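Note that the structure is a prediction, hence the values are computed from the model and not measured. Sequence lines set the chain letters: A, B, ... in the order given, protein chains first and strands last, and positions in each chain run from 1.
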Amino acid sequence: MFALVFVVRTLFFVVYWSDPAHRNQAPEVWMTPRYIAHSWQIPPEALAEALQIPDPPPRHATLAEIARLRGMTTEALIAELTVFLARHRQATHE
Amino acid sequence: MSDAISALVAEWGLPLLFAVTFLSCLALPVPSSLAMLTAGAFTVTGDLTLWATALAAFAGAVLGDQTGYVLARFGADRLDAFTATRPRRRALLDRARRMIEKRGGPGIFLSRWLVSPLGPYANFIAGLTRFPHLAFTLWGAAGEAVWVALYVGLGRLFAGQLDMAAEFAGDLSGLFAALAVMGVSAWWMTHSLRHRRRIAGRHD
């Protein structure tokens, strides 16, 4: 009985996940630029340029670290990045 | 919670992964599966290298198992001293030890990954019952290899969607636990049925 619940959940999950629209994960402080590039299928160098960091990015650079390097809050950086990602998605879907 | 551990993995990398798998094998409540999922994803994005990641997680897990086992072996000495003057308890302990020596290997293997929450306790029991050290190491290392491959592999598979990988892993371990409960109850039912039939046969 319990097994069935988990089987159904797993199946539901696989179906949901195979929809490309559900693939891009919203940026969060712990993410590295390469992680975001992978999640959003963006060339890492394009993302590095948008974040104004060198490519390859500094070792272990998360968004929190990059915000600190650029002297801005993580919220501001994530807001900036969200706009870039939305534009990028729009551009690639047209 | 998942963000916090992912941030730690991003910042501290392999030493953190090693520490987390080590501690989780000693029954400390650290999110080892999430740490491995995150590290697995970072091997795809190029933030970590695959072989070093797998090695760090595996080494931490095997050393954690060994630590639990060796600590419990000290406990075994005390248990021996305690039961030396108590023959009935001694007999019970001997029986438990014989059973675990005969059947313990697959249990050690499966409690690494299939029912991993039981893993640390299996280590303690193996040490307390003096399960042979070499057999413990071999069964344990084989199981930890499966555990690491499973979670790092899942992290790689879902590299851009770790939030979903975490949910999926939760479902998967729930499924494993449910299957394990089913398996044990099926075994127990057939076993007791057979036992009852044997008794009934004797009375005919």
Discussion item. If I measure from the heavy atoms of chain A, does B/Ala159 come under 4.5 Å with its side chain, its backbone, both, or neither?
Written reply: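 When you check distances to chain A, atoms from both the backbone and side chain of B/Ala159 fall under 4.5 Å.
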
Worksheet item: Does any heavy atom of chain A fall under 4.5 Å from the side chain of B/Leu8, the backbone, both, or neither of them?
Response: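 When you check distances to chain A, no heavy atom of B/Leu8 falls under 4.5 Å.
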
Output the distance between atom [atom1] ([X]) and atom [atom2] ([Y]), rounded to the nearest 0.5 Å.
X	Y	atom1	atom2	value
B/Phe42	A/His38	CZ	NE2	11.5 Å
A/Met31	B/Asp47	CE	CG	12.0 Å
A/Trp30	B/Leu162	CH2	CG	4.5 Å

Just checking [X]: does its [atom1] atom have more than 12 heavy atoms from other residues, nucleotides or ligands closer to it than 6.0 angstrom?
X	atom1	result
A/Arg70	CZ	yes
B/Arg86	CZ	yes
A/Glu49	CD	no
A/Met72	CE	yes

